Every structure is written in structure tokens, then in C-alpha cells.
Novice: 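I'd like to ask you about the structure that follows.
Small disclaimer: the values here were computed from a predicted structure and weren't measured. Numbers restart at 1 for each chain; the letters A, B, ... are given by sequence-line order, proteins then strands.
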Amino acid sequence: MDGRFDPKAADRRWQERWEDERCFEADSTSDKPKTYVLEMFPYPSGRIHMGHVRNYTMGDVIARYRKMQGHEVLHPMGWDAFGMPAENAAMERNIHPGSWTRANIGAMRDQLKRIGFALDWSRELATCDPDYYGHEQALFLDLFDAGLVYRKESEVNWDPVDMTVLANEQVIDGKGWRSGASVERRKLNQWFLKITQFADELLDGLQALDRWPDKVRLMQENWIGKSTGLHFRFPLVEASGDINEIEVFTTRPDTIFGASFIAIAPGHPLALAAAAADPGASAFVDQCKAGGTSAAEIETAGKKGYLTTYSAKHPLDHDWPLPVYIANFVLSDYGTGALFGVPGHDQRDYDFANQYQLAIKRVVGASTGEAGKPIGTEAEIGPGIAVNSQFLDGMTSAEAASDVIRRAEIAGWGQGSTIYRLRDWGVSRQRYWGTPIPIIHCDTCGAVPVPRDQLPVLLPEDVSFDTPSNPLDRHPSWKNVDCPKCGAAARRETDTLDTFVNSSWYFIRFASQPSDRPFDRVEAETWLPVAQYIGGVEHAILHLLYARFWTRALKHIGQLGLDEPFAGLFTQGMVTHETYRAGDGSWLSPGEVRKDGDDWVHIESGHPVVPGRIEKMSKSRRNTIDPEPILAKYGADAVRWFMLSDSPPERDLEWSEGGIEGASRFVQRVWRLVNSVGGDAVSGDGNEALDRKLHRTIATVGEAIDGLQFNKAIAQLYELVTAIEKAPASPARDIAVRTLVLLIAPMAPHLAEECWDFLGEGGMVVDAAWPDHDPAKLIDDQVTLAIQVNGKLRDTVTAPLGLDQAAAEALALASEKVQRQLAGASPRKVIVVRDRLVNIVL
RNA sequence: GCGGACGUGGCGGAACCGGUAGACGCUGGAGACUUAAAAUCUUCUGCCCCAUGGGCGUGCGGGUUCAAGUCCCGCCGUCCGCACCA
């Protein structure tokens with residue numbers, strides 16, 4: 001055979017064969033060891049982008065490699081298909097979100113198939129299918145029955161123009177991202193999932209996730225934000241209505257005698273009482289509410305307080321009154337929305353005290369001798385020995401803290417407790433394109449679950465998007481139903497579930513999909529937990545925390561016996577590209593510019609172009625490269641190869657023309673090599689060096705794939721190809737070529753099949769076994785010894801393996817270059833590291 | 001501010017447990033094949049110098065060691081996450 005490898009024909013041929021022979025359909029009843037490989041499923045935006053290609057290629061390599069190792073592999077794909085872009089498209093183009101979404105899914109499925117991923121398409125699912133969201137409604141009701149779902153009034157970001165709730169991420173500088181209208185804080189009845197009930201479990205569970213990046217575990221730990229300390233109360237000197245005390249939380253009970261003021265949040269009930277009675281307080285509260293919560297605004301606002309007419313009594317000394325301030329830096333939704341200020345040992349309190357001339361008292365010192373030393377220009381935050389603190393004096397901070405907690409509990413003015421930063425998960429969205437919340441509101445019976453036999457609660461098709469606000473709420477008849485309990489006229493919940501609910505259990509449904517229930521426990525547990533989950537680090541908290549919670553909630557209600565859904569997690573880097581700007585500051589796409597010497601010019605106008613930073617491919621920067629034409633030009637394997645080759649997978653990969661060209665060259669090189677097999681093979685002496693290289697490569701490529709170090713695997717394969725090319729024709733060389741085909745198969749599967757077929761091996765590479773390496777062949781009987789003089793390399797010599805100290809020393813001293821360095825002197829000391837080096841010290 | 005990661009040629013990056021720094025790829029130079037080009041092959045490619053040799057080199061400054069990209073101390077820089085969290 002001659003000529004070039006034709007990826008277009010080969011890609012098609014093998015993709016069809018794999019599909020016809022159902023190569024990647026996972027058998028839940030198989031006896032083989034089971035491996036579940038999963039990449040985060042995509043939102044069907046309409047087109048696959050390079051980030052998807054990189055993500056799914058990594059997962060595909062693992063899946064194919066495990067399959068070759070004899071595992072039964074589950075590697076599914078589906079669509080995170082609910083969400084706002086579909087509704088936006090509906091509003092802009094007057095098409096139904098469902099038809100827009102399904103068309104996108106169709107297009108993206110074709111694109112994924114074109115890349116030849118080893119996916120089990122028989123298990124494909126889309127979260128917008130009633131067959132999926134109906135089961136989700138059942139699970140929601142199971143959690144509801146277990147008391148893990150509740151309804152509460154809470155503050156939301158309300159866009160008064162679009163008449164909808166916005167997520168925090170959709171509020172930019174206090175304005176709605178689409179409408180540009182100033183976002184209002186509004187109180188709405190919302191459904192919540194009790195994730196806080198699992199806060200401790202979710203925190204402790206992180207310990208066991210040793211195949212997760214430390215970074216992600218740390219982010220989740222911080223997000224959960226566990227603090228232990230003391231909850232206690234300051235009685236008011238004079239009660240305000242029925243408020244007669246202020247409850248605070250502190251992590252430093254040991255500093256209780258350092259208190260100089262009480263600060264309450266602008267939203268605190270006492271602040272509202274003050275505002276009602278005092279115009280000054282009212283104005284201050286309004287001012288705080290108007291101020292934004294962005295970092296910059298907080299920075300510039302500084303610490304401001306308003307001195308109320310109230311004062312509080314210290315719980316350990318009722319003759320010690322403390323002023324009560326309303327302060328802009330106190331968060332109403334953290335702790336109790338009130339705190340006591342200890343300026344000596346908290347920087348924020350110190351700043352506040354300085355501004356309002358409050359006492360700055362030392363209650364912690366390096367030793368008892370420091371009791372009289374004033375606090376300097378900064379608060380002293382660290383632990384030490386309690387001073388100026390009555391019965392606590394002389395104790396360490398830790399001792400003092402537990403002593404205060406003990407006394408508070410005995411005397412009844414406080415109790416030791418733990419608080420979390422984590423909030424319950426608000427899942428209500430005033431949106432159409434989501435899972436309808438299966439609840440019916442009845443005036444007499446309250447919130448009543450939809451009976452199971454009436455699930456799924458389907459989304460109505462006949463909805464209009466010509467005006468903002470929730471189409472479900474506007475629909476003339478959908479929400480009107482009878483109460484399942486009393487039969488009286490009632491109405492459906494018109495909120496839908498947050499899309500993160502959809503992605504909190506899809507990996508379970510992939511593993512098991514009976515039609516009559518969400519999943520079969522036994523079947524699901526044969527696959528779960530996911531052995532290797534791969535996705536972007538942007539989901540480090542939300543999705544990955546919600547999925548962990550959902551899994552534990554299912555365990556809690558006895559539906560699944562699993563603590564953690566994802567045993568291994570890998571967060572891959574982004575695909576980046578240089579950015580370009582025209583003279584007027586507008587962004588230009590890579591296709592619109594051309595390099596002219598060292599400069600860039602706009603092709604059309606010839607104007608100079610300013611190249612900018614290398615950034616994540618994004619529409620707004622116009623630095624995207626569409627995978628489709630690249631696939632058409634170079635074929636799937638070259639694209640896959642490049643996605644894996646240049647950068648370590650956890651780091652960003654810069655797209656480059658040179659990179660894809662290099663990958664394409666490699667594909668052709670392998671094809672030429674395979675075509676050179678056989679012929680006039682010289683029999684006789686096998687190529688020992690090549691054999692060793694081959695076995696070393698089998699070992700290291702396997703290790704590299706196991707460790708998701710694809711770039712290293714690829715470098716080693718390049719080396720092997722070069723070694724084979726240089727080797728004279730021999731049976732050993734032919735074996736090396738055959739083995740090479742197996743080694744590249746996970747990365748370049750179409751090429752591998754084509755080569756396998758050409759070599760007449762029979763069967764397909766997908767069904768072939770991963771080669772074994774012979775440990776004996778990893779060892780060479782010759783080694784290269786480095787010869788150093790005073791730690792500097794002067795020579796290298798070839799020596800037999802295992803040479804002893806004296807012989808190695810003699811060999812080193814025999815070196816002409818060493819003798820020149822010695823210049824007649826004799827070495828003071830000689831250090832020999834067996835089979836590595838000899839260092840002669842003068 | 002707090003927490004984390006990182007810093008190696010022209011570029012992306014290798015380097016096990018402290019033991020030959022720069023594997024592999026890209027770019028570039030020279031050559032072969034060709035009427036020519038593409039493709040391919042061979043070969044070189046960290047910097048510097050008084051070049052069969054030598055000096056300097058892993059952000060900067062110190063230290064430990066026979067030996068430091070790797071360990072320790074102190075800086076500088078870049079990126080990411082969280083952010084008035086009581």
C-alpha cells in the first residue's frame with residue numbers, strides 16, 4: 001500500500017464499524033471489573049467547542065485504555081438541556097425552547113460522533129426529556145417526604161424589567177445582565193433543599209477523596225466554612241418592644257473581656273426597631289442597603305456605624321454597659337447578624353474602634369507580664385495568654401475559650417456551638433425551561449405533593465415568550481388544578497427547579513435507567529462511584545458540592561448506599577488562544593488577521609493589529625477556533641493527538657496551527673512506519689536495544705495514562721517511533737510496530753484500527769488487549785556513568801551494570817578529561833553512586 | 001486582606017527519592033531528493049568566550065550538601081479562588 005493516511009475515509013469507516021458492532025455499550029451484568037469514566041455533560045448551546053474536545057478526549061483515552069485492559073467500561077454522554085439560553089433564544093427568535101434545544105442536541109451529537117469518542121450512546125439522556133425530569137420530580141418528592149425540602153421567604157435578586165429572579169452571577173454592578181435594570185432585593189417564597197443538614201458530612205467526606213485535587217477540596221472546605229465557638233446573649237439595658245437582648249456568635253470566647261461595643265447588621269430586628277424610632281438610624285439603614293456588595297464598593301465604603309440609643313450589658317459584668325452600633329460591615333445572614341467588637345484582637349474591630357474613639361483593650365498577651373503593654377498600630381490577632389480578664393488570666397487562649405463556654409453553659413447565658421458559611425440551597429427559579437416543581441398549593445391543605453401516579457408534571461407546550469415574566473405563571477390553564485387532598489380548586493407551583501438539580505444525579509441515571517423509577521439501586525451500585533470524573537474547575541464548588549449532597553441525601557433516605565459520587569476527579573485546563581484588537585479597540589478573530597514579519601495586520605484593511613493576552617477561547621474576545629473545519633482538514637486523530645500533547649492536562653493549552661500540523665505529521669509518520677513492515681525482513685539478530693525501548697515505553701505509557709499525564713505518554717510514543725524508524729528491518733522491529741499500534745490506540749483510535757487492519761491482525765483494536773511489558777527487559781546491562789570533578793560534569797563513560805565502587809572509581813580516574821582536571825593532584829575523596837555517577841572531590 | 005498554585009531555552013514543556021538540566025513537540029538554520037514546489041529524509045539549534053577547550057545557566061539574594069531546578073531561610077513576580085465570615 002502506498003500514499004497518505006486518509007483520515008476522512010478512515011474516521012467514517014471505523015466510526016460506523018464501532019457503532020454497528022456496539023463496541024461501547026456497557027453491560028451492567030458483565031463479570032469483568034467495572035470502570036465508570038465520565039466527563040461533565042455539556043449544555044447544548046449548539047456547537048461543540050475546543051474545550052469540549054479536550055475534555056472528552058481525555059476521558060476517551062481513559063475509557064479506551066481501561067477497555068483494552070479488560071474492564072467493562074461505562075462511558076456515557078448526555079445533555080444538560082434545561083436553562084436560560086433556550087428561553088433567551090425563544091424570546092429573540094420566537095421559537096420554542098424545546099425545539100431550539102433539540103436541534104442543538106442533534107447538531108452537537110453529530111459533532112461528537114465525528115471525533116470518534118468511545119461513548120455508549122444507548123444510554124444518552126437529555127434532562128429536558130420528561131423521562132428524565134419526571135424521575136427527578138419523584139426524587140424531589142422523596143426528599144420532600146424525608147423533610148429535606150422546605151419553603152421559606154428569602155431575599156432574591158429581582159429584575160423589575162424582565163420580571164424574574166436572577167442568580168448572583170447574573171447581577172453585574174447591581175444591574176441585570178440582560179435588561180440593564182437596577183436589581184431589587186425582593187422577598188419571595190422559595191423552595192430550599194437542606195444541604196446544611198449535611199454540612200459536617202460533606203466537610204468530613206472531603207478527607208476520603210484522595211483522588212481529588214487538593215485545590216478543589218480546599219475550595220469546598222472554605223465554602224462550607226465551619227467555625228466553632230460560643231453563641232451568647234447581651235441583655236439590653238432597656239428593652240425595645242419585645243427585643244430585650246442581642247444574640248452574638250464568636251470564635252474567640254477567650255477575648256470576651258476585651259469587648260468595647262456591639263455591632264448589628266442593618267437588617268437586624270433591633271436595627272429596624274431603631275430605624276422606626278429614629279430618622280437618623282433610618283437614613284443610615286437605607287444608606288447601607290443602597291451600597292453595593294461588590295468588593296470594590298466595600299473597599300471604598302470603609303467601616304461605618306451609627307450609634308443607637310440602646311446599650312447592652314456585659315454578661316459577666318452587668319454594670320459594664322456597651323454601646324450598640326448599626327454597622328455596615330455586619331452581615332445579616334452570617335451568624336446571628338450581630339457581633340461584639342474586640343478592637344485589641346480583631347483588625348476590623350480595631351479599625352472601627354479607631355474611627356469612633358472606642359476603647360482598645362489588651363486581653364491577650366505573649367505572657368502575663370504583657371498585661372500593661374498597650375496595643376500598637378494593629379490588632380494582635382494570634383493566640384496567647386489571657387490578661388486583664390479576671391478569672392481567665394494566665395490561661396492559654398484555647399483554655400480560656402473552653403472555660404468561658406463551660407461557664408456560659410452552666411450559668412445559662414450561652415452555649416458552645418458550630419456555625420457554617422454554607423447556606424441551604426434555594427432551588428426555585430421563576431423560569432419556564434426547567435423541571436416543574438411537583439407541588440400543588442391549596443388554600444386549606446397548604447403545599448401538597450403531586451401524587452406519584454400523576455408524575456411527570458409535564459411542561460405545557462403552548463406557551464408564549466412575547467413578554468417577560470414566567471410563562472408558566474401566565475399560562476391560562478396549566479396551573480389550575482384540584483387539590484389532591486381535599487379536591488378544592490388549587491394551583492400548581494409555577495417555579496421550576498434550578499438546573500443544578502438536573503446535574504446532581506444524571507450520573508446515577510446513566511448507570512441505571514429503568515422506565516418506572518429513577519434508577520435501580522443494585523445496578524447503579526455496580527457502576528458507581530464514578531472512577532474518573534473530568535471537567536472544568538469552574539464547577540469546583542456548585543455542581544460538585546450539590547452532586548455530593550444529592551448522593552448523601554439519597555443514602556440518607558435509603559435509596560443508594562453510596563457516600564461519594566466521584567471517587568476520582570480531574571479538573572482540566574482551558575483551551576486558549578491569543579487575542580487581537582484593531583486600532584479602534586474592537587476584537588478581531590484569528591481568521592481576520594495575518595502575521596506580517598513580527599507584526600500583525602488586519603487582512604481586509606491592512607491596518608495594524610495589536611495582539612493581546614492569551615485567553616480562554618470566548619465569543620466576546622472572538623478568539624475561538626471552531627473544531628469542525630479543523631476536524632475536516634486534519635481528521636479526528638490529529639485533533640485528539642494535539643489536544644493531549646502540548647500541555648499537561650491540568651494546565652491551559654494554547655491552540656496553535658503548528659501544534660495541529662505536528663500532530664497531523666505524526667499520524668502520517670505512523671502510517672508510513674506501518675507500511676514499512678515486513679518486506680525484505682532481515683532475520684537473525686533481534687534488535688535488543690529496540691526491544692528494551694519498546695518494553696520501557698509500554699511501561700511508561702501505561703503509567704502516564706494511569707496518572708492522566710497524557711503529554712508524557714505522547715512524548716514517549718514519539719521517542720518510540722523514532723527508535724523504530726532508525727532500527728534495521730527485523731522481526732523485533734515488526735513486533736515493535738505492531739505494539740506501537742496498540743499503544744497509540746486510546747489516543748488515535750481510527751489510525752490504530754486502520755493500521756491493525758493493514759497489518760492483518762484480525763479483529764479490531766478496540767477489542768485487543770493492552771500489551772504487557774517484560775520487567776526483565778526494562779534493565780540494560782550497560783549504563784552511562786556521569787563523571788564529575790567537584791560536582792561539575794567532566795565526562796561520561798559506558799560501564800557494565802552493577803559496577804562496584806573501586807572499579808567505578810578506577811574507571812573515572814582513567815578518564816583523560818578527569819586527569820586534565822586533576823593536573824597531577826590526588827583526589828581528597830571520591831563519591832560513587834552505583835550505576836549513576838562518580839564525583840571526584842579535590 | 002486571607003487561602004492556593006506557579007516561575008526552567010525563541011515558545012509549549014521533560015527531569016524518579018537531592019545525582020549527566022533542557023526529553024518530546026513547535027519555531028529557526030544548514031543540507032539531501034526535485035526542473036521547481038509540496039511532502040519526506042539527514043543534521044544543528046540554552047547563553048557567552050581568546051572554541052580539539054572553557055565559563056555561565058532553572059525569577060532574585062542567602063544557606064545546607066561531595067552534589068540543589070529539586071531541601072531550608074528571605075525577597076520579587078504571575079495566575080486562580082474567597083472576601084468586612086464575627
Novice: For B/A83 and B/G13, measure between their P atoms and round to the nearest Å.
Specialist: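 Straight-line distance between the two P atoms is 29 Å.
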
Novice: How close or far is atom P of B/C80 from atom CD of A/Gln220, stated in whole angstroms?
Specialist: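 Those two atoms, CD and P, are 21 Å apart.
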
Novice: Just jot down the salt bridge (charged side-chain N to carboxylate O under 4.0 Å, His left out) partners of A/Asp346, sequence neighbours excluded, or say none.
Specialist: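 In terms of salt bridge (charged side-chain N to carboxylate O under 4.0 Å, His left out), with neighbours along the sequence ignored, A/Asp346 is linked to A/Arg348.
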
Novice: Can you tell me how far P of B/A86 sits from CZ of A/Phe352, to the nearest Å?
Specialist: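 My rounded result for the distance is 18 Å.
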
Novice: Taking atom types as modelled, is there a side-chain donor on A/Thr579 or A/Asn623 under 3.5 Å from an acceptor on the other?
Specialist: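 A/Thr579 vs A/Asn623: no donor-acceptor pair found between side chains.
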
Novice: Quick one, give me the B/S/- string for nucleotides 15-34 of chain B, reading 5' to 3', where B means a protein heavy atom under 4.0 Å from the base and S means that only happens at the primed atoms, P, OP1 or OP2.
Specialist: SB--BB--BSSSS-------

Novice: Please report the distance separating the P of B/A67 from the corresponding atom of B/C47, rounded so that it comes out in whole Å.
Specialist: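 Each nucleotide's P atom is 28 Å from the other's.
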
Novice: Report the residues that fulfil side-chain contact (heavy atoms from CB on, under 4.5 Å) with A/Pro253, sequence neighbours left out, ordered by chain and then residue number.
Specialist: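 side-chain contact (heavy atoms from CB on, under 4.5 Å) list for A/Pro253, sorted by chain: A/Leu230, A/Thr250, A/Ala401, A/Val404, A/Ile405.
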
Novice: Assign A/Gln821 to base, sugar-phosphate, or nothing according to its heavy-atom contacts below 4.0 angstrom with the strands shown.
Specialist: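 Since only primed, P, OP1 and OP2 atoms lie under 4.0 Å of A/Gln821, the category is sugar-phosphate.
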
Novice: Which whole number of Å gives the distance between the C1' atom of B/A32 and that of B/A39?
Specialist: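 That atom pair is separated by 14 Å.
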
Novice: Could you check B/A30 for me: syn (within 90° of 0) or anti?
Specialist: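 Nucleotide B/A30 adopts anti.
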
Novice: Rounded to the nearest Å, what distance is computed from the CG atom of residue A/Asp652 to the C1' atom of nucleotide B/U78?
Specialist: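 One finds 13 Å between C1' of B/U78 and CG of A/Asp652, rounded.
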
Novice: Measure NZ/A/Lys792 against P/B/U65 and give the value in whole Å, please.
Specialist: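 Result: 18 Å.
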
Novice: If only side-chain N and O atoms count, and only distance matters, is there a donor-acceptor pair under 3.5 Å linking A/Asp652 with A/Thr576?
Specialist: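 A/Asp652 and A/Thr576 do not have a side-chain donor-acceptor pair below 3.5 Å.
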
Novice: Let me have the donor-acceptor pairs involving side chains of residues 801-811 of chain A, under 3.5 Å, with sequence neighbours excluded, atom names and distances please.
Specialist:
unit_1   : atom_1 : unit_2   : atom_2 : d
A/Asp804 : OD1    : A/Ala806 : N      : 3.3
A/Asp804 : OD1    : A/Ala807 : N      : 2.9

Novice: Strictly by salt bridge (Lys or Arg N to Asp or Glu O under 4.0 Å), give each pair with a member in residues 251-270 of chain A just once, sequence neighbours left out.
Specialist: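 Only A/Arg252-A/Asp254 qualify under salt bridge (Lys or Arg N to Asp or Glu O under 4.0 Å).
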
Novice: When the C1' atoms of B/G18 and B/C80 are considered, how many whole Å apart are they?
Specialist: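 Going atom to atom, C1' in each nucleotide, I get 30 Å.
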
Novice: Under 4.0 Å, heavy atoms only, any strand: does A/Arg423 hit a base, just the sugar-phosphate, or nothing?
Specialist: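 The answer is nothing, as A/Arg423 stays clear of every strand by at least 4.0 Å.
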
Novice: Would you indicate what A/Arg651 reaches in the nucleic acid, counting non-hydrogen atoms under 4.0 angstrom: base, sugar-phosphate, or nothing?
Specialist: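 Counting heavy atoms under 4.0 Å across all strands, the contact made by A/Arg651 is with sugar-phosphate only.
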
Novice: Taking the same atom, P, in B/U70 and in B/G61, what whole-Å distance lies between them?
Specialist: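 Each nucleotide's P atom is 13 Å from the other's.
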
Novice: Is it the case that the base of B/C66 and the side chain of A/Lys829 share a donor-acceptor contact (distance under 3.5 Å, atom types as modelled)?
Specialist: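 No.
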
Novice: Please give the stem ranges for RNA chain B, sorted by first residue number, where a stem is three or more consecutive Watson-Crick or G-U pairs and both donor-acceptor distances are under 3.5 Å.
Specialist: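 Only these stems qualify: B:1-7 with B:76-82, B:10-12 with B:24-26, B:28-32 with B:40-44, B:46-49 with B:53-56, B:59-63 with B:71-75.
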
Novice: Of A/Arg672 and A/Ile419, whose closest RNA chain B nucleotide lies nearer the 5' terminus?
Specialist: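 Whichever sits nearer the 5' end wins; that is A/Arg672.
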
Novice: Calculate the interatomic distance between A/Glu816 atom CD and B/U52 atom P; express it in whole Å.
Specialist: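 Answer to the nearest Å: 14 Å.
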
Novice: Mind checking salt bridge (charged side-chain N to carboxylate O under 4.0 Å, His left out) for A/Arg669 and listing every partner two or more places apart, or none if nothing turns up?
Specialist: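 Here the qualifying residues are A/Glu725.
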
Novice: I'd like the P distance from B/C41 over to B/C26, given in whole Å.
Specialist: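 Their P atoms lie roughly 11 Å apart.
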
Novice: Is the glycosidic torsion of B/C71 within 90° of 0, making it syn, or is it anti?
Specialist: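 You should classify B/C71 as anti.
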
Novice: On a whole-Å scale, what distance lies between the C1' atoms belonging to B/C17 and B/A68?
Specialist: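 Straight-line distance between the two C1' atoms is 14 Å.
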
Novice: Please identify each residue that fulfils salt bridge (charged side-chain N to carboxylate O under 4.0 Å, His left out) with A/Glu538, with sequence neighbours left out.
Specialist: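 Checked A/Glu538 against salt bridge (charged side-chain N to carboxylate O under 4.0 Å, His left out); zero matches.
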
Novice: With sequence neighbours excluded, tell me which residues meet ring-ring contact (aromatic ring centres under 6.0 Å, His included) with A/Phe329.
Specialist: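 By the ring-ring contact (aromatic ring centres under 6.0 Å, His included) rule, A/Phe329 matches A/Phe352.
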
Novice: Give me each pair satisfying salt bridge (Lys or Arg N to Asp or Glu O under 4.0 Å) with a member in residues 214-232 of chain A, each pair once, sequence neighbours excluded.
Specialist: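 Output for this query lists A/Asp200-A/Lys226, A/Asp214-A/Arg217.
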
Novice: Can you spot which of A/Thr308, A/Ile262, A/Leu358 makes a side-chain contact (heavy atoms from CB on, under 4.5 Å) with A/Pro323?
Specialist: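 Exactly one pass, corresponding to A/Leu358.
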
Novice: Considering only side-chain heavy atoms of A/Asn328, which listed nucleotide, B/C79, B/C84, B/A86, is closest?
Specialist: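 For the A/Asn328 side chain, the nearest candidate turns out to be B/C84.
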
Novice: Round to a whole Å and report the spacing from CD1 of A/Ile614 to P of B/C79.
Specialist: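 Distance, rounded to whole Å: 13 Å.
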
Novice: A/Arg421 has an atom CZ; how far is it from atom C1' of B/A86, in whole Å?
Specialist: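 After rounding, the reported distance stands at 14 Å.
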
Novice: Using the P atom as the reference point in each nucleotide, state the distance between B/U58 and B/G7 in Å, no decimals.
Specialist: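 Result for the P pair: 14 Å, nearest Å.
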
Novice: Please list, chain by chain and in numerical order, all residues satisfying salt bridge (charged side-chain N to carboxylate O under 4.0 Å, His left out) with A/Asp706, sequence neighbours excluded.
Specialist: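 Applying salt bridge (charged side-chain N to carboxylate O under 4.0 Å, His left out) to A/Asp706 gives A/Arg66.
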
Novice: Hey, are A/His345 and A/Thr255 close enough side-chain-wise for a donor-acceptor pair under 3.5 Å?
Specialist: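 A/Thr255 vs A/His345: no donor-acceptor pair found between side chains.
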
Novice: Is any side-chain nitrogen or oxygen of A/Lys726 closer than 4.0 Å to OP1 or OP2 of B/C41?
Specialist: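 A/Lys726 to B/C41 OP1/OP2: no side-chain N or O under 4.0 Å.
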
Novice: What nucleotide among B/C79, B/C84, B/G13 has an atom nearest to a side-chain atom of A/Arg613?
Specialist: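 From the listed options, B/C79 comes nearest.
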
Novice: Report the glycosidic orientation of B/G12: syn if within 90° of 0, anti in every other case.
Specialist: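 Anti conformation for B/G12.
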
Novice: Could you please spell out the steps behind the salt bridge (charged side-chain N to carboxylate O under 4.0 Å, His left out) verdict for A/Lys712 and A/Glu703?
Specialist: CA-CA 10 Å; A/Lys712 288 193 208 171; A/Glu703 279 166 30; over 6 Å; no

Novice: For a quick check of understanding: with a heavy-atom distance under 4.0 Å over all strands, which category does A/Arg217 fall into, base, sugar-phosphate or nothing?
Specialist: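 Answer is nothing: A/Arg217 stays at 4.0 Å or more from every strand.
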
Novice: Looking at RNA chain B, which of residues 333-342 of chain A put a heavy atom within less than 4.0 Å of it?
Specialist: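 Nucleic-acid contacts, sorted: A/Tyr334, A/Leu339.
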
Novice: Measure CZ/A/Arg348 against C1'/B/A83 and give the value in whole Å, please.
Specialist: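 From A/Arg348 CZ to B/A83 C1': 12 Å.
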
